2 protein chains.
Amino acid sequence: MTTPSAHAGYPAFHRQVCSRRDDYIREVFARHQEAIRVKKESVVVRKLAAIFDKTLEISNRHGFQAMSVRDLSEATGISMGSLYSYIESKERLLGMILTYGHVVVDHTLRIPEALTGPRERLHHVLRTHVYITEVMQPWFYFSYMESRHFDRDTREQTIAGELRTERLIADLLDEGVAQAVFPVRDTGLTAALIKPLLQEWYLKRWKYRRRGIGVDDYADRMIAFVDAALNGAAET
Amino acid sequence: MTTPSAHAGYPAFHRQVCSRRDDYIREVFARHQEAIRVKKESVVVRKLAAIFDKTLEISNRHGFQAMSVRDLSEATGISMGSLYSYIESKERLLGMILTYGHVVVDHTLRIPEALTGPRERLHHVLRTHVYITEVMQPWFYFSYMESRHFDRDTREQTIAGELRTERLIADLLDEGVAQAVFPVRDTGLTAALIKPLLQEWYLKRWKYRRRGIGVDDYADRMIAFVDAALNGAAET
DNA sequence: GTCTATATTCGGATAGAC
DNA sequence: GTCTATCCGAATATAGAC
């Protein structure tokens, strides 16, 4: 049941994403330049990295609203005045953090390419999703929990992203049904039931950590559960 | 695939819970009496019902922190001063709302009793959970989303409740394994994977409503999905 | 029991020296 | 680029008349 997918296991995936972190933050800088008064890129990248980390850390404990900019100032060791020359406003900080996550996800959650069989393609997508949400757990948690506080546009953008994932899964299921690999009736609903199994990993990771279940463990088990559900669907 | 369980369908369940609503609120009143300056029970029950409803409504849109007591005052039509003679403080209001949900759940999520087969008992628990979270959707959503802002004790109480549900499912799976009804390997992990399928219903209900999927539809499909996963587990 | 008016604290944001 | 000091609006909570 070990994956015959395009993945070389989680550690390699983790290293790759982390090594590109500065590039991702540079792109965030580029997209929000007008809002950032400091102009020296190397300085900005270093500071933004710290600001994003601490914001996610504090917000995920008490909520973004509850985090005062003063709290953030103390946590990062950057004074209020200085901080505001990087973030412009608290709302803009939110926007930058969302951009950050989207940049990372866009660069990593790529299509399988060489994989052909519907089942293999599905497995790959499920595993990659678990991997990326493991690397970026604080961001996914934040995005999920805070989305209802966003303004209309931002919220709808987030929801659209969510639905895209679900749609991707549904499409893969459709492929499988067309090739008589999965005996699934309603692929849309089935995809909707699979998605919470992906979200489970970043929403309740503490629970699995406490039980000693690691990323690859979870991916293996979750994929097996889904496979069983897809196979057994014939009997319904 | 229609349930041969102790349930007479959702509408009957809904009516029963709603008809007892005043009793539940009376119990909340009893448990928080010292914090409520107004003493006339009939008045308190009526006002608390409105206060709870509006609080859940506003909080579930923008978050409990973001809801000012002024907002609540305007929404309920009760003046600031008057409001404070019912809630003592915003934090106490939070406590009362949590009590409210716990009271309702304690009275409705009862054990199957006469049902014997492990599969039937599991189906019953899953369906009842979907039913109760449908009636009390705003409360469950609130409790899930706000729990990380609670103080230590309250948060741990909420988590304990969560784990109890998961444990209940795991125990039923164990029963089934013992009687060779389910070929499941790790019942703890399987229970952990089933739980998000229950939470899905109150966390993303808008999605299913938009697709025209009702409570009993969801319960049927979700239970079928779980059944298939349990059966197919043998092949792993 | 209900209201209006107000005390007080806190958080976002900026000015301006260095 | 970074800091300290400060402004100002908003939110919780209360006092006290009716």
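Proteins come first, then strands; the chains are lettered A, B, ... in the order of their sequence lines, and each starts at number 1. It should be emphasised that the depicted structure is a prediction, and the values quoted were computed from it without experimental measurement.
- Taking a cutoff of 4.0 Å between a charged side-chain nitrogen and a carboxylate oxygen, D171(A) and R167(A) qualify as a salt bridge.
- Sorted by first and then second residue, the side chain to side chain donor-acceptor pair (under 3.5 Å) pairs involving residues 205-215 of chain A (not counting sequence neighbours) are E134(A)-R205(A), E200(A)-K207(A), E200(A)-Y208(A), K207(A)-E166(B), R211(A)-E166(B).
- A salt bridge is absent between R20(A) and D23(A); no separation between the charged side-chain nitrogens and carboxylate oxygens falls under 4.0 Å.
- Atom pair K40(B):NZ and dT2(C):C1' shows a separation of 15 Å (rounding to whole Å applied).
- A salt bridge does not link R21(A) to E27(A): none of the charged nitrogens lies less than 4.0 Å from a carboxylate oxygen.
- The nearest whole Å value for the distance from the CG atom in L72(A) to the C1' atom in dG11(C) is 13 Å.
- Counting to the nearest Å, the P atom of dG12(C) and the CG atom of L94(A) are 13 Å from each other.
- Look at CG on L93(A): it is 14 Å from C1' on dA13(C), rounded to the nearest Å.
- The existence of a salt bridge linking K54(A) and D71(A) is excluded, since no basic side-chain nitrogen approaches an acidic carboxylate oxygen closer than 4.0 Å.
- One finds a salt bridge joining R152(B) and E156(B) here, because a Lys/Arg side-chain nitrogen approaches an Asp/Glu carboxylate oxygen to under 4.0 Å.
- Applying the salt bridge (Lys or Arg N to Asp or Glu O under 4.0 Å) test to every pair with at least one member in residues 136-145 of chain B, sequence neighbours left out, gives no pairs at all.
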Inset, instruction - Any chance you could list the contact pattern along nucleotides 11-18 of chain D? Use B for base contacts, S for sugar-phosphate-only contacts and - for none, protein heavy atoms under 4.0 Å, 5' to 3'. - result: SBBB----
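- The side chain of K47(A) contributes no N or O atom lying less than 4.0 Å from OP1 or OP2 of dG1(D).
- To the nearest angstrom, P of dT4(D) lies 13 Å from CG of L83(A).
- OP1 or OP2 of dG1(D) has not a single side-chain nitrogen or oxygen of Y86(A) nearer than 4.0 Å.
- At dT2(D), none of the side-chain N or O atoms of S79(A) fall inside 4.0 Å of OP1 or OP2 (strictly under the cut-off).
- Scored by the side chain to side chain contact (heavy atoms under 4.5 Å, CB included) test, Y202(B) finds H129(B), T133(B), Q137(B), F140(B), Y144(B), E162(B), Q199(B) as partners (sequence neighbours excluded).
- Only at 4.0 angstrom or more do the heavy atoms of residues 48-61 of chain B sit from any atom of DNA chain D, so none qualifies.
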Using atom types as modelled, flag every donor-acceptor pair under 3.5 Å from a side chain in residues 36-52 of chain A to any protein atom, sequence neighbours excluded.
{"residue": "K39(A)", "atom": "NZ", "partner": "Q33(A)", "partner atom": "O", "Å": "3.2"}
{"residue": "K39(A)", "atom": "NZ", "partner": "I36(A)", "partner atom": "O", "Å": "2.8"}

